[in-house]
Amino acid sequence: MDADRVPIPDVVVHHFTTHIDARGSLTEIFRSSWGGVPIRQWTAMTLGARVIRGPSVHRRHSDAVIALTGVLQIGLRDLREKSPAFRQTCRLALPGLQPMVVFIPPGVMHTFYAATEVTLVLVGTTHEYDPDDDIRCQWQDAGLDVDESVIGTNDSRARSLDDVIAALRSGN
């Protein structure tokens, strides 16, 4: 999907400008003047080729996601019941060679997938990590367009999609 036409409200994509000269390149990856959200924690992670991480959704915090190397596919599903895009999905591709940031608001489930190569990802969050704000969905139940040969994890905390929606609704 074109990163400039995300059908889920409040998911924002900001393209970066890279300055290249004889010394190499320089890319600013965050400025408060871009709007977005105030970031309180940054986390770096790698995903191996054909590895999926997630899906999860948060009640309180927003994420800012940047692929630094490789190509990160982000699967999104709007789980905000009052949203006009409730249950709608989309997938964005973030190439490390054309960096951009995707801001994901609370209530939007997200999955990270490195389809073809090891991918280095930087994730900023508006709150420090809190396991109570990390609602995990069974990746097979998320309804995202990934094939069955990916390497996912069977997380004992992961719930069915309907249970995730109920947990968001109830606050549990």
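In this chain, residues are counted from 1 in sequence order.
- Distance check, rounded to the nearest 0.5 Å: CG of Leu94 to CG of Leu72 gives 5.5 Å.
- Of the possible donor and acceptor atoms, none in the side chain of Ser62 sits under 3.5 Å from a partner among the backbone N and O of Thr126.
- We find that Asp163 and Arg157 are not joined by a salt bridge, their nearest charged nitrogen and carboxylate oxygen being 4.0 Å or further apart.
- When atom types are taken as modelled, the side chain of Asp130 and the backbone of Asp132 share a donor-acceptor pair closer than 3.5 angstrom.
- Under a 3.5 Å cut-off, the side chain of His110 and the backbone N or O of Val108 do form a donor-acceptor pair.
- In this structure, Cys90 and Ile8 approach most closely via the heavy-atom pair SG-CD1, 4.1 Å.
- Looking at residues two or more places apart in sequence or on another chain, you find a side chain to side chain contact (heavy atoms under 4.5 Å, CB included) between Ser25 and Thr18, Ile20.
- In plain terms, the two heavy atoms of Ala67 and Pro99 that are nearest each other are O-CB, 4.4 Å.
- When the side chains of ILVMFWY residues are joined at heavy-atom separations under 4.5 Å, either directly or via intervening members, Leu68 and Trp42 end up in a single hydrophobic cluster.
- Without hydrogens or angle criteria, Asp133 side chain to His61 main chain gives a donor-acceptor distance under 3.5 Å.
- Leu92 and Val71 are members of different hydrophobic clusters when ILVMFWY side chains are connected at heavy-atom separations under 4.5 Å.
- With contacts defined as side-chain heavy-atom distances shorter than 4.5 Å, the pair Thr69/Val118 does not qualify.
- A donor-acceptor distance shorter than 3.5 angstrom exists from the side chain of Thr119 to the backbone of Glu117, with no hydrogens or angles considered.
- In terms of heavy atoms, His127 sits closest to Arg60 at CE1-O, 3.5 Å.
- Contact detail for Asp134 and Ser56: the closest heavy-atom pair is OD1-CB, 3.3 Å.
- With values rounded to the nearest 0.5 angstrom, Ile104 atom CD1 is found 5.5 Å from Leu76 atom CG.
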Hey, mind stepping through Val101 and Ile29 against side chain to side chain contact (heavy atoms under 4.5 Å, CB included) and telling me if it holds?
-> CA-CA 7 Å; Val101 62; Ile29 63 168; over 6 Å; no
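- At a threshold of 4.5 Å between non-hydrogen side-chain atoms, the residues Thr43 and Thr125 do not count as touching.
- Judged purely by atom type and a 3.5 angstrom limit, His19 has no side-chain atom pairing as donor or acceptor with the backbone of Leu26.
- We find the CZ-CD1 distance between Phe16 and Ile66 to be 4.0 Å, quoted to the nearest 0.5 Å.
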Please lay out, stage by stage, how Leu161 and Leu79 fare under the test side chain to side chain contact (heavy atoms under 4.5 Å, CB included).
-> CA-CA 9 Å; Leu161 180 60; Leu79 298 183; 3.9 Å; yes
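- No donor-acceptor pair closer than 3.5 Å links the side chain of Arg77 to the backbone N or O of Gln88.
- The heavy-atom pair separating Ala85 from Asp78 by the smallest distance is O-CB, 3.3 Å.
- Between atom CZ of residue Phe112 and atom CD1 of residue Ile52 there is a gap of 11.0 Å, rounded to the nearest 0.5 Å.
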So Arg53 and Tyr113, side chain to side chain donor-acceptor pair (under 3.5 Å) or not? Walk me through it.
-> CA-CA 6 Å; Arg53 189 171 185 101; Tyr113 177 50; over 6 Å; no
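- Using a 4.5 Å cut-off on side-chain heavy atoms (C-beta onward), Val11 and Val102 make contact.
- Within the structure, the salt bridge (Lys or Arg N to Asp or Glu O under 4.0 Å) test picks out the following pairs touching residues 7-22 (sequence neighbours left out): Asp10-Arg80, Asp21-Arg23.
- In this structure, Tyr129 is not a member of the same hydrophobic cluster as Ile39, with clusters built from ILVMFWY side-chain heavy atoms closer than 4.5 Å.
- Here the NE2 atom belonging to His14 is positioned 7.5 Å from the CZ atom belonging to Phe103, to the nearest 0.5 angstrom.
- Pro95 and Met100 get closest at one heavy-atom pair: CD-CE, 4.1 Å.
- For the atom pair CZ (Arg40) and CD (Glu128), the distance works out to 8.5 Å, reported to the nearest 0.5 Å.
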